[in-house]
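Please read the structure below before turning to the comments.
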Amino acid sequence: VQLVESGGGLVQTGGSLRLSCAASGFIDEEFAVGWVRQAPGREREVLSCMGRQRGKYYYQDLKQGRFTISSDPEKNMVYLQMNNLQPEDTAIYYCAAVDDWGHWCTALRHYDYDVWGQGTQVTVSS
């Protein structure tokens, strides 16, 4: 599995960004992909996740309201739409995955993901 993030950058408070993750190489038909961030001095935090089970995709946003995960399976892309960004959202944002995962993705903690992208920096100026 390979994951490549893009779309980070500098944005003003209240602004929006959409992060992209090119995800390829899944072997199993059931897998999970999550967006995880790490701010300086803080533990990694799972923001949203998605998965495929029995041929269907599902999506779960764990930070209600401002972060939304989506995907385009035909393009092997996973997205994170981030709205009303605040300075405390400044962090490195990672796309992470688990192949051969047949359970609900919300059961995954950040340390359960075993494939990670290189990360993309998001900086929110006040």
Side-chain angles (χ1 to χ4, degrees):
V1 177
Q2 291 186 322
L3 306 170
V4 180
E5 304 97 330
S6 61
L10 176 64
V11 64
Q12 293 185 335
T13 296
S16 298
L17 281 175
R18 189 178 80 157
L19 305 182
S20 300
C21 174
S24 62
F26 289 103
I27 296 175
D28 199 86
E29 292 186 354
E30 296 186 333
F31 59 85
V33 177
W35 282 100
V36 182
R37 71 181 177 185
Q38 185 162 28
R42 300 186 66 178
E43 189 175 338
R44 288 184 173 181
E45 178 184 22
V46 181
L47 303 171
S48 298
C49 65
M50 62 159 291
R52 187 170 75 176
Q53 290 186 7
R54 302 183 184 91
K56 294 184 178 180
Y57 295 91
Y58 66 92
Y59 305 87
Q60 290 292 308
D61 295 311
L62 306 179
K63 302 287 284 187
Q64 296 295 330
R66 296 196 299 123
F67 297 87
T68 304
I69 191 171
S70 63
S71 74
D72 185 339
E74 291 188 0
K75 296 182 179 179
N76 293 327
M77 296 295 294
V78 181
Y79 305 102
L80 183 69
Q81 178 67 41
M82 306 187 295
N83 298 324
N84 191 24
L85 286 164
Q86 302 297 311
E88 55 266 32
D89 295 316
T90 295
I92 299 174
Y93 286 70
Y94 297 92
C95 180
V98 177
D99 204 356
D100 188 20
W101 181 257
H103 308 285
W104 205 243
C105 69
T106 50
L108 292 166
R109 301 297 177 258
H110 65 84
Y111 45 77
D112 292 319
Y113 289 95
D114 55 16
V115 182
W116 293 76
Q118 82 285 356
T120 185
Q121 176 71 46
V122 172
T123 302
V124 185
S125 63
S126 58

Can you see which heavy atom on [X] is nearest to which on [Y], and at what distance?
| X | Y | answer |
| --- | --- | --- |
| Asn84 | Ser16 | N-OG, 4.1 Å |
| Ile92 | Gly119 | CG2-CA, 3.9 Å |
| Trp101 | Ala107 | CZ2-CB, 4.2 Å |
| Ser71 | Met50 | CB-SD, 3.7 Å |
| Asp114 | Asp99 | OD1-N, 4.4 Å |
| Thr90 | Pro40 | O-CD, 4.2 Å |

Rounded distance [0.5 Å steps], [atom1] in [X] versus [atom2] in [Y]:
| X | Y | atom1 | atom2 | result |
| --- | --- | --- | --- | --- |
| Asn83 | Arg18 | CG | CZ | 11.5 Å |
| Leu80 | Arg66 | CG | CZ | 10.5 Å |
| Ile69 | Tyr59 | CD1 | OH | 8.0 Å |
| Tyr94 | Arg37 | OH | CZ | 13.5 Å |
| Gln81 | Ser48 | CD | OG | 11.0 Å |
| Glu30 | Cys105 | CD | SG | 12.5 Å |

Do [X] side-chain atoms and [Y] backbone N/O form a donor-acceptor pair below 3.5 Å?
| X | Y | value |
| --- | --- | --- |
| Ser20 | Tyr79 | no |
| Thr120 | Ser6 | no |
| Glu29 | Arg54 | no |

Verify side-chain contact (heavy atoms from CB on, under 4.5 Å) between Arg44 and Trp116, making sure each step is shown before the conclusion. CA-CA 12 Å; Arg44 288 184 173 181; Trp116 293 76; 3.3 Å; yes
Side-chain heavy atoms under 4.5 angstrom apart, residues restricted to Ile, Leu, Val, Met, Phe, Trp, Tyr: same cluster for [X] and [Y]?
| X | Y | answer |
| --- | --- | --- |
| Phe31 | Leu3 | yes |
| Trp35 | Leu85 | yes |
| Leu47 | Tyr57 | yes |
| Tyr93 | Val36 | no |

side-chain contact (heavy atoms from CB on, under 4.5 Å) for Asp89 and Met82? Distances and angles first, verdict last. CA-CA 10 Å; Asp89 295 316; Met82 306 187 295; over 6 Å; no
Heavy atoms, side chains only, cut-off 4.5 Å: are Val124 and Gln12 in contact?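 No, every pair of side-chain atoms sits at 4.5 Å or beyond.
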With a 4.5 Å cut-off on side-chain heavy atoms, are Leu108 and Val98 touching?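 They are in contact (side-chain heavy atoms under 4.5 Å apart), so the answer is yes.
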Determine whether Glu45 and Lys63 satisfy the following criterion, side-chain contact (heavy atoms from CB on, under 4.5 Å), listing intermediate values before the conclusion. CA-CA 10 Å; Glu45 178 184 22; Lys63 302 287 284 187; 2.9 Å; yes
How are the rings of Tyr58 and Trp104 set to each other: parallel, tilted or perpendicular (split at 30° and 60°)?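 Rings of Tyr58 and Trp104: parallel, under 30°.
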For atom CD of Gln118, decide whether the heavy atoms of other residues, nucleotides or ligands shown that lie under 6.0 angstrom number more than 12.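 Enclosed.
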Counting neighbours of CD on Glu88 that are heavy atoms of other residues, nucleotides or ligands and sit closer than 6.0 Å, is the number greater than 12?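 Atom CD in Glu88 is crowded, with more than 12 foreign heavy atoms closer than 6.0 Å.
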Determine, stepwise, if the pair Val33 / Phe26 fulfils side-chain contact (heavy atoms from CB on, under 4.5 Å). CA-CA 11 Å; Val33 177; Phe26 289 103; 3.7 Å; yes
